[in-house]
Novice: 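Sharing a structure, written as C-alpha cells. Questions coming.
In this chain, residues are counted from 1 in sequence order.
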Amino acid sequence: MNSNLIDLHKELKKYFGFNQFKGLQEQVIKSIVAQKNTFVIMPTGGGKSLCYQLPALIQEGTAIVVSPLIALMKNQVDAIRSVSTNDGIAHVLNSSLTKTEINQVKKDITSGITKLLYVAPESLTKEEYIEFLKTVPISFVAIDEAHCISEWGHDFRPEYRNLRTIIKHLGDVPVIGLTATATPKVQEDILKNLDMSDANTFKASFNRPNLYYEVRTKTKNIESDIIRFIKQHKGKSGIIYCLSRKKVEAIAEVLQVNGISAVPYHAGLDAKTRAKHQDMFLMEDVDVVVATIAFGMGIDKPDVRFVIHHDIPKSLESYYQETGRAGRDGGEGHCLAYYSYKDVEKLEKFMSGKPVAEQEIGFALLQEVVAYAETSMSRRKFLLHYFGEEFDGETGDGADMDDNVRNPKLKIEAQENVKKLLEVVRDTKYLYKSKEVVYTLIGRVNATIKAHRTDSQAFFGCGKDQEERYWMALIRQVLVEGMLTKDIETYGIIKVSDKGHAYIKNPTTFMMSEDHEYNEAEDDAIVTAAKSSGIADEVLMGMLRDLRKKVAKKIGVPPFVVFQDPSLEDMALKYPITMVELINIHGVGEGKAKKYGNEFIELINRYVEDNDIIRPDDLVVKSTGANSINKLYIIQNIDRKLSLEDIASAKGLKMDDLLKEMEQIVNSGTKLNIKYWIDEMLDEDQQEEIHDYFMDSESDNIEKALKEFDGDYDIEELRLMRIKFISEVAN
C-alpha cells in the first residue's frame, strides 16, 4: 500500500506539478488504478478531472473519456498535452475531425502513445469507431457529467442512455462515472444505468458554509426591494437570475435608470454582446449581471457577493448550481430568492405541454423547490438533506447562515401528530405520495384514495383538527429527520424508515416549526439581520473602491495591484489620514504608501471632515523586531541572487513561510527581483503566459489561477510569479 502511495505522489508531481492531492482525489485514483468501477460526486471546483487524468497517464492502454461539451474536451486535451512532450498523448474524437486527422488519432492509439481519448457520446455509436476500439487495449471508460444519464438530472441527454450497451461491446473494462451535482435519486439512476451497482462511491460535501440563504415574498414592489438590496451592497458584484429574456431586459433597464451599473445577458443577444457583457462583469466595469441561466457556465469570478433569484428556479439542483456562483473565494455570499406561488403555477403551466413522463418529473422537482421556499427549518439542513447529506443544524459549519435560523419561527410540540403521521403512512401500505397521505389525514377524497378504498378505513380523517399546510410542513420536517424516506424507485412515494418504526413504539418530544406565511414585515427583519454582519464604513469603502479603480485604470493594471480588498477594508475601519497611519494599515507598507498613498489619504481626510467622523485611537500597529530582521535578510540576499532554498534554511523557514514573507514584502510596496530564480523554473513563454493572466484577471487568487491553468503550473510557481508580477507592475 505504502509504495503505491509514494508512487502516486511522485506521478502527481511529475505530471501536474502538485505536491499533494485535494480532498478525495487520492482515494478515487487508488480505486481506479485497482481496476474497480468507481463513482465520484464532487461539487464544482473539487478537482474532478484529475481523478481520471492521472490514472490514465500512469496505466497501460488508452482511457476513453465521454464528455457532453466539445469546448470542454478541447480545453482538457490542450491541458494534458502541455504536461507531455508528445501531442499524441491526448486526442478528441468527434464530428469535427477530417479523415486524415482521424487516421492520425487511430495511429497514435495503436502505437500506444495516446493515454486519453475524449469522445462525445454520439461518436461512440459509430460502428467503425467501436470496431477499432475493440482491437486496442482500453484502460477504463470515464463518463464525465454523468448526471446527463438521468432524466432526473438538470441536464438530461438521451444519447447518454446507450452508453452501457456500447461499453459492454468493448469488453470487460472498468467504468468511472463523475458528476458535480446529484441527488440520491440521480445517483441511483446513474449506477443503475451504467450497470455498476458494485461501484466504489466517493462523495464530497456539498456544504458551502460562507453562503447566507434567504427567501423573501415576491410582492409588487420587488424591483424597489432589489434596488434597496443592491444599494446596501454597493460596489459589490452580483448576479440576478430571471426565467425569461424579456424579464432580464426589463430588470437591467430598471437598475440602470436607478443608478446601478448593470448589463443583461441571455441567449438572445448576439455572441459579441454576450462576450462584451461578460468581460465588463469580470473586469468590474459593471457591478451586476441580469441573466437567464445561460449565464454562469463559463464564469469563474471568485468575488461574486450576491446571487438573486427574481424567479424561483425549476429544481433545487439548478438553484444549488446557481447560488454556488457566489463567494467562491470563501468570502461572503448572499443568496436571495423571491418566492410566490404564482410563479410556481406559471412553471406548471409551461410543463403541461410536455409528455406525461416528463411532466411528472418536472412537477416532482418543482415541489422540492416549493418545500425549500416554504420551510421554516434550517435551509442549509434542508438543501444538504436533498443531496443526501446529514447536517447538524446546531454545530455544523455555517449553521447560522440562513434567514430561518436567524429569525426562527414559533415551535410547537408535535409528538402526537408525528406518531399519527407515521402510522397513517404505514397503514396505507406505502401506496401514496405526500399529497394523498395529507388527504387521508384530513379526510379529503380524490380518485386515487377512492381506488384504494382508503376512505373506508378507520384512520381516514384522523388528523382533521389540523389543516393541509400543517401536515405538509410536518411531513417535510419528519423526512429531514430521517423517520420517513422517499422511495427512490417510484419517486415521491413515502415510506417509514427503521428510525420511524422505532419512534412509533417509543415517541419522544418533537418540536415542529410552523411553515412560512410570507409577508413584508418579516422581510425587513431579515434585511437587518443580514446587514448587521457588514464591514465598517460601507460608504467610504465604496469611495475607496472607486478611487482604486481610477488609479488602476490610469496606470493600466488590475485593481488588486494597487491595494487588495483587506487593505481597503482596514482603511474603512481606521480612517488613516497621515502617511505614518497609512503605512500601518494591513498590507500597505512604505513603498505602497509612497506610490499610491497620497490620493487615498486626501480622500479619507475629506470624508472624515465632511462627516464629522470620530477616528479610533489605536491606529499605529508596531511590527515586531524579529519580523523586520527577517525581512531585511530576505531583501538583501535576494539582491545577492542567493538561492531561495538557502535563504529559507538559514532562517529556519519552510518554503511556504518564506513565500509568505516575500508576499508581504512586495504587497507592502518593496521590489524583489526574483527573475534569476524563476528563470531556472519557467521559460520566457511560460512566464509571459502567467504574467498576462494576472494582468487580465480581476483577482490575484491562487486557487483560481491553479484552476485556470488546470495543472500546467504548481502552487509554488504561481505564487513566485505573482510576487514577480506585483513587484514589477505595482512597485
Side-chain angles (χ1 to χ4, degrees), residues 15 28-29 31-40 48-81 83-84 86-97 101-149 157 159-179 190-191 193-196 199-200:
Y15 285 108
V28 171
I29 290 167
S31 168
I32 295 176
V33 172
Q35 306 280 300
K36 298 272 197 292
N37 286 340
T38 307
F39 183 33
V40 183
K48 278 200 314 298
S49 43
L50 191 130
C51 290
Y52 57 80
Q53 288 167 347
L54 188 64
L57 293 169
I58 62 181
Q59 282 181 289
E60 290 296 310
T62 304
I64 297 173
V65 182
V66 182
S67 172
L69 295 169
I70 287 181
L72 282 182
M73 290 190 220
K74 201 182 153 320
N75 288 353
Q76 296 219 348
V77 166
D78 292 343
I80 293 294
R81 285 177 175 172
V83 304
S84 163
N86 192 328
D87 271 0
I89 191 159
H91 278 299
V92 169
L93 189 57
N94 61 30
S95 50
S96 68
L97 301 189
E101 287 169 329
I102 291 171
N103 289 335
Q104 182 62 47
V105 172
K106 288 182 172 173
K107 196 172 137 216
D108 284 350
I109 294 174
T110 311
S111 55
I113 297 170
T114 302
K115 288 290 167 197
L116 282 139
L117 179 67
Y118 285 82
V119 296
E122 298 81 356
S123 312
L124 270 186
T125 51
K126 290 198 173 155
E127 191 65 34
E128 52 161 327
Y129 291 161
I130 291 296
E131 287 312 312
F132 165 70
L133 290 171
K134 278 184 185 166
T135 64
V136 293
I138 302 295
S139 52
F140 58 82
V141 177
I143 294 162
D144 210 355
E145 312 296 343
H147 55 266
C148 294
I149 286 176
R157 309 282 176 100
E159 60 277 12
Y160 259 65
R161 284 289 202 193
N162 310 322
L163 287 173
R164 177 179 52 181
T165 330
I166 295 162
I167 294 167
K168 290 246 159 76
H169 287 314
L170 298 175
D172 189 18
V173 294
V175 177
I176 322 306
L178 306 101
T179 175
I190 293 170
L191 291 171
N193 238 288
L194 290 174
D195 196 15
M196 51 185 231
N200 291 337

Novice: Under 3.5 Å, which donor-acceptor pairs link side chains of residues 52-64 to any protein atom two or more places apart or in another chain?
Specialist:
unit_1 : atom_1 : unit_2 : atom_2 : d
Tyr52  : OH     : Gln76  : OE1    : 2.8
Tyr52  : OH     : Asp144 : OD2    : 3.2
Gln53  : NE2    : Gln76  : OE1    : 3.3
Gln53  : NE2    : Tyr118 : OH     : 3.4
Thr62  : OG1    : Thr114 : O      : 2.8

Novice: How long is the span from the CG atom in Leu117 to the CD1 atom in Ile109, to the nearest 0.5 Å?
Specialist: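 Reported to 0.5 Å precision, the distance equals 4.5 Å.
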Novice: Quick one: side-chain contact (heavy atoms from CB on, under 4.5 Å) partners of Val175, sequence neighbours excluded?
Specialist: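 Val175 satisfies side-chain contact (heavy atoms from CB on, under 4.5 Å) with Asn37, Ile143, Ile167, Leu194, Met196 once adjacent residues are dropped.
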Novice: State, to 0.1 Å, how close Ser139 and Pro174 come at their nearest heavy-atom pair, and which atoms those are.
Specialist: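 In this case the closest contact between Ser139 and Pro174 is O-CD, 3.5 Å.
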Novice: List the atom of Ser123, the atom of Asn94, and the distance in Å for their closest heavy-atom pair.
Specialist: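 Taking Ser123 first and Asn94 second, the nearest heavy atoms are OG-CA, 3.6 Å.
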Novice: Does any N or O in the side chain of Thr38 come within less than 3.5 Å of the main-chain N or O of Lys36, such that one atom is a donor and the other an acceptor?
Specialist: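 Yes, the answer is positive, given that a donor and an acceptor are paired below the 3.5 Å cut-off.
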Novice: What closest approach, in Å, do Gly88 and Ile113 show between heavy atoms, and which atom pair accounts for it?
Specialist: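 The pair with the smallest heavy-atom distance is C-CG2, 3.7 Å.
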Novice: Which residues pass the side-chain contact (heavy atoms from CB on, under 4.5 Å) test with Pro121, sequence neighbours left out?
Specialist: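 With neighbours one apart ignored, the set is Val66, Glu159, Tyr160, Leu163.
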Novice: Sort and list the pairs that fulfil salt bridge (Lys or Arg N to Asp or Glu O under 4.0 Å) and have at least one residue in residues 118-133, not counting sequence neighbours.
Specialist: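 Sorted pair list: Lys106-Glu128, Glu131-Lys134.
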Novice: What is the distance from atom CD1 of Ile32 to atom CD1 of Ile176, rounded to the nearest 0.5 Å?
Specialist: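 It is 4.0 Å, given to the nearest 0.5 Å.
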Novice: Go through the structure and list residues passing side-chain hydrogen bond (donor to acceptor under 3.5 Å, both in side chains) with Asp108, not counting sequence neighbours.
Specialist: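 By the side-chain hydrogen bond (donor to acceptor under 3.5 Å, both in side chains) rule, Asp108 matches His91, Gln104.
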Novice: Could you list the residues that satisfy side-chain contact (heavy atoms from CB on, under 4.5 Å) with Asp78, not counting sequence neighbours?
Specialist: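 Partners of Asp78 under the side-chain contact (heavy atoms from CB on, under 4.5 Å) test: Lys74.
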Novice: Enumerate the residue pairs fulfilling salt bridge (Lys or Arg N to Asp or Glu O under 4.0 Å) with a member in residues 160-174, sequence neighbours excluded, ordered by first and then second residue.
Specialist: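 Qualifying pairs, neighbours excluded: Glu151-Arg161, Lys168-Asp195.
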Novice: How long is the span from the OG1 atom in Thr179 to the CZ atom in Phe39, to the nearest 0.5 Å?
Specialist: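 CZ of Phe39 is found 6.5 Å from OG1 of Thr179.
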Novice: My understanding is that only residues two or more places apart in sequence, or in another chain, count here; which of them pass side-chain contact (heavy atoms from CB on, under 4.5 Å) with Asn162?
Specialist: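 Partners of Asn162 by the side-chain contact (heavy atoms from CB on, under 4.5 Å) criterion, ordered by chain and then number, come out as Ile166.
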Novice: For the pair Arg81 (side chain) and Ile89 (backbone), establish whether a donor and an acceptor sit closer than 3.5 Å, ignoring hydrogens and angles.
Specialist: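 Between the backbone of Ile89 and the side chain of Arg81 there is no qualifying donor-acceptor contact (under 3.5 Å).
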